[in-house]
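Hydrogens, waters and symmetry mates play no part in the numbers below; they use all other heavy atoms, side chains included. Lettering of chains follows the sequences in order, A, B, ..., and the numbering in each one begins at 1.
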Amino acid sequence: MPRYNPAEIEPRWQAFWEKDRTFATPELPKGRKRYVLDMFPYPSGDGLHVGHPEGYTATDIVSRFARMRGESVLHPMGFDAFGLPAEEHAIKTGEHPRIQTQRNIDNFTRQLKMLGFSYDWERVLATTDEGYFQWTQWIFLELYDTWFDVEQQKGRPISELPIPAEISAAGDRAVEAYRDANRLAYESDALVNWCPNLGTVLANEEVIDGKSERGDHPVQRIALRQWMLRITMYAERLLDGLENLDWPAGIKKLQQDWIGRSTGAEVDFYVGDDAKFQQWQADRAKTGFPSEAGDLALRVYTTRPDTLFGATYMVVAPEHPMVKSLTTTEQSAAVVAYCEKASFKSDRERTDGGEKVKTGVFSGSHAINPVNGKPIPIWIADYVLAGYGTGAIMAVPAHDERDFAFAKQFDLPIIPVVDPPSDHEQRNAILAGDFCFVAEGQAINSGKFDGKNTSEVKASVTASLDQQGQGGEAVNYKLRDWLFSRQRFWGEPFPILHELDADGNPTGIKRGVDPADLPVLLPDLKDYKPHGRPEPMLAKADDDWLYVSIDGKRYRRETNTMPQWAGSCWYYLRYIDPKNQQALVDPDKEKAWMPIDLYVGGAEHAVLHLLYSRFWHKVLYDRGHVSTPEPFGKLVNQGMILGDVEYSGYVQPDGKPVSTSDVRKDADGNRVTKDGVIVQSKSIDEEDVVKKGEGFVLKSDPAIKVDSRAHKMSKARGNVVNPDSVVREYGADSLRLYEMFMGPLEATKPWAMTGVGGVRNFLDRVWRMIVDQDADDLVLVDVISDDACDEDQLRVLHQTIRKVSEDCEALSFNTAIAKMMEFTNFFTRSDKRPKEAMLTFLKLLSPFAPHLCEELWHLLGQEGSIAKESWPQWDEAALVESSIEIPVQINGKLKAKINVSPDVTKDQLAEIALADEKVIALIDGKTIVKQIIVPGRLVNLVVK
RNA sequence: GCUGCUGUAGCUCAGUGGUAGAGCGCCUCCUUGGUAAGGAUGAGGUCAUGGGUUCAAAUCCCAUCAGCAGCUCCA
């Protein structure tokens with residue numbers, strides 16, 4: 001009884017592929033190349049979940065398909081293995097994170113191999129490998145050695161940075177400081193989440209609502225010395241580069257929005273002694289608009305310079321450097337208190353403070369509006385962010401929602417300066433200053449600009465400010481420099497040394513570790529518990545590690561570590577040449593394999609990983625280490641896999657069910673009925689519900705509507721599906737096939753275990769199409785023959801070849817599978833199954849269900865791996881049917897069908913249609929007004 | 001609030017102006033000493049709703065409704 005038994009077949013073929021090195025990649029491609037990449041996983045302790053194999057199966061099918069078409073395919077896998085969970089585990093158990101990490105990698109590897117993916121396992125890497133992070137550190141040194149030439153829009157070696165004469169004159173220290181201020185990797189003070197109770201610095205994701213995730217302790221924001229990467233210099237190129245990428249439009253837009261380019265003007269508002277305003281203006285007219293505003297002016301950035309006449313007050317961020325100098329003695333106490341309070345709020349609290357009630361405090365001083373010489377008050381408020389633009393704004397309450405809300409709150413004047421279109425519903429309210437209008441219109445209350453439209457006024461105001469040296473055009477980006485250091489143990493150490501003076505204090509001079517001395521390994525620690533000080537974990541290391549002497553000078557190692565993003569920024573390059581000890585990648589190999597032809601991963605990496613990688617890649621490109629300006633040519637996001645559909649309804653405290661249509665959310669977030677009775681959510685068995693109209697209702701009471709939806713898989717909900725158990729019950733080929741059959745790759749879709757059973761049935765059917773499972777031995781069914789296909793079989797076969805080929809290219813795997821199911825249904829009904837057709841079919845199915853196909857391929861007497869066979873070609877001639885059915889419509893409605901040869905002409909078709917009995921009856925006594933005849937498609941008669 | 005995506009059979013989805021389809025599930029019947037088995041039939045659709053364009057609309061246009069996802073003080 002030789003039944004289909006994946007548990008026996010699958011491990012056997014996996015062992016064969018490994019021994020045979022079936023999927024070993026050539027060092028250099030022969031002929032056409034295809035680089036197919038999965039976003040590599042973080043090897044968590046939970047192992048794979050069913051979301052992982054979705055993308056992995058898709059890329060595996062593409063890779064196997066491309067190989068069979070004669071292409072050289074690079075299809076590697078690795079592990080993004082630095083990360084917080086391993087460190088948390090180390091803190092708890094004292095076990096080195098490397099041990100736990102390796103255990104998890106081993107488990108992931110086992111699971112991935114169990115699924116039969118055709119990775120070239122000889123290229124596997126982990127970001128935690130010393131031979132890997134050596135080059136991560138090397139790239140950091142390259143960033144450290146690079147400055148961005150704005151003129152050329154290009155990163156260049158720091159040795160080529162032009163040094164201004166006054167800096168050279170000030171000596172070597174000044175030159176070095178100038179260089180440091182221009183490097184792509186630089187140090188700066190930045191706010192971190194310091195938790196005094198835990199005695200450690202926390203990552204943003206470890207902080208929830210201002211409390212630590214672990215222990216619920218308060219978290220403070222304190223400034224700490226940090227490494228930053230000057231990604232902002234590449235903003236324009238990161239934006240431009242998106243244009244030619246074959247990426248989902250949504251991801252491109254997310255990146256564009258994240259970069260957030262806006263154009264407007266910078267304007268200086270005089271804040272000095274009133275008496276000297278005219279003198280200042282005259283000076284400015286002579287010198288022009290300086291690069292720094294100086295002490296006498298407050299510089300703002302605005303995208304609406306046309307509304308300058310409506311600026312009735314100014315706001316600076318609490319962190320703005322001029323807060324102190326702008327604050328008067330009387331206001332001092334209030335301002336200090338306000339700023340301190342703001343400093344305890346995280347960015348999140350400041351930006352999503354519930355109802356968005358504006359807070360602020362008056363500084364006591366005034367600025368002079370450059371367009372009309374009028375003094376306006378300067379406020380300090382945290383709705384203005386220090387990090388965007390200049391950290392200060394001119395407030396135009398009539399035409400900006402936030403300024404409007406603030407002006408209402410603090411009773412500040414509102415002057416409309418843009419007249420909305422005359423048909424605007426709120427026009428009178430806007431002109432009265434009672435309503436905010438943010439769109440474009442005609443200038444009013446704006447002196448000589450009155451009557452002009454917004455874009456004209458923008459241009460003329462900017463030009464006139466420029467002439468007076470009080471403003472200029474400016475471009476701004478939302479994108480911020482990348483905070484690149486973490487105060488953690490389990491990350492790449494920075495290859496940087498800080499020079500110490502005779503007393504052991506830092507001199508401020510730094511040097512990179514000599515590339516020959518890389519990698520800088522992590523120190524051995526006795527334990528991984530936080531040391532309780534707001535500084536990095538590596539400061540716990542022994543002096544042996546911490547201090548270095550070079551040429552008689554003493555240095556202390558940098559103790560920050562790199563963030564998890566670092567290793568994932570360039571791993572795709574290392575796969576090309578994973579064992580190279582001379583370079584991060586051999587240039588010839590890099591040229592031959594890059595760019596990546598298909599990159600598949602989750603949409604959660606839409607912005608950060610993909611933007612950071614592109615940034616590093618562009619720096620490497622500028623410095624001549626890679627040959628393509630962009631790394632990822634085509635990107636596809638696989639959709640999320642949700643848990644099985646669940647039904648739920650609401651019940652009152654007495655157990656009485658309530659229809660979901662009668663349940664609302666009250667102010668406290670409770671679910672209540674119309675009468676205010678709080679109800680409980682209750683899950684309902686699938687058998688107790690029935691479909692009615694749009695939704696589902698209780699079988700027992702159709703008036704009660706219930707919710708039906710699939711939820712995200714989570715441990716808490718208990719709906720996580722484990723690939724190990726699916727493979728055990730159904731086999732890897734069934735899991736692979738089901739993941740692809742669920743729906744389009746990009747769609748979010750619910751898991752249904754019955755569906756896995758469905759595709760398993762299909763594979764069983766494929767098995768029985770070829771194997772006689774009723775025989776005692778493993779023999780073929782007797783209907784397998786050496787005859788040729790008949791016409792219908794040939795057509796079905798070639799239709800299938802075409803559909804599967806086209807769908808594999810287009811990543812529409814679900815429809816390809818549906819077609820193969822049809823093929824199987826057709827041929828199992830057939831009592832003559834030509835062997836040639838079976839072999840061709842197995843080749844088509846082999847990228848999807850490789851184990852089963854290898855097995856059947858051999859049972860049909862073939863040698864070698866089916867993975868090495870060439871992909872079938874379809875024959876157009878075989879697709880044509882000898883007779884086709886043509887619909888005949890009367891007035892656009894289908895009334896009859898006629899059978900004709902596919903190549904009949906228009907006239908013949910009309911003749912045949914008009915001779916049809918049904919048609920004759922239907923048009924009897926009527927006049928044919930018009931005949932629409934499309935050969936091969938239809939006949940439509942318009943009659944009266 | 002803004003943006004994007006999606007509404008076709010019980011479920012998951014094909015179908016880009018011309019006959020409403022597939023797979024799974026379901027019903028009924030048959031076969032079966034290897035049974036979460038196989039075979040054969042069949043039912044099931046206001047193509048979310050309303051309007052428009054057209055000889056003809058699931059498909060194009062407008063509006064509405066519903067669901068999902070993401071973003072949100074960026075001056």
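For A:Y388 and B:A75, the shortest distance from a side-chain N or O to OP1 or OP2 is below 4.0 Å. Regarding contacts with the backbone of B:G38, a side-chain N or O of A:R768 is found under 4.0 angstrom from either OP1 or OP2. Phosphate proximity of B:C13 to A:T815: absent, as no side-chain N or O sits under 4.0 Å from OP1 or OP2.
For A:R480, the side-chain contact (heavy atoms from CB on, under 4.5 Å) partners at least two apart in sequence or on another chain are A:Y388. In this structure A:S830 satisfies the side-chain contact (heavy atoms from CB on, under 4.5 Å) test together with A:Q793, sequence neighbours excluded. Residues that satisfy the side-chain contact (heavy atoms from CB on, under 4.5 Å) test with A:I415, not counting sequence neighbours, are A:T312, A:V417, A:N445. By the ring-ring contact (aromatic ring centres under 6.0 Å, His included) test, A:F848 is found to be paired with no residue, residues two or more places apart in sequence or in another chain being considered.
Using a 4.0 Å heavy-atom criterion, one finds that A:K819 contacts no nucleic acid atom at all.
Here the separation of B:G42 from B:G25, taken at their C1' atoms, is 14 Å to the nearest Å. Comparing the C1' positions of B:U41 and B:A36 gives an interatomic distance of 23 Å, to the nearest angstrom.
Residue order along RNA chain B, read from the 5' end via each residue's closest nucleotide, puts A:T748 first among A:I393 and A:T748. With RNA chain B read from its 5' end, the first of the two nearest nucleotides for A:W258 and A:R829 is the one closest to A:R829.
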Quick test: give all pairs of protein nitrogen or oxygen and nucleotides 23-26 of chain B nitrogen or oxygen below 3.5 Å, distance rounded to 0.1 Å.
from  : atom 1 : to     : atom 2 : distance (Å)
B:G23 : OP1    : A:N825 : ND2    : 3.3
B:C24 : OP1    : A:R765 : NH2    : 3.0

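Not a single donor-acceptor contact under 3.5 angstrom links the side-chain atoms of A:D257 to the base of B:C71. At a cut-off of 3.5 angstrom, the base of B:C73 holds at least one donor-acceptor pair with the side chain of A:K358.
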Would you mind writing out the side-chain donor-acceptor pairs for residues 820-829 of chain A within the sub-3.5 Å range, not counting sequence neighbours?
from   : atom 1 : to     : atom 2 : distance (Å)
A:T824 : OG1    : A:M820 : O      : 2.8
A:N825 : OD1    : A:R765 : NE     : 3.3
A:T828 : OG1    : A:T824 : O      : 2.6
A:T828 : OG1    : A:N825 : O      : 3.2

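Aromatic pair A:Y313/A:F406: ring centres closer than 6.0 Å.
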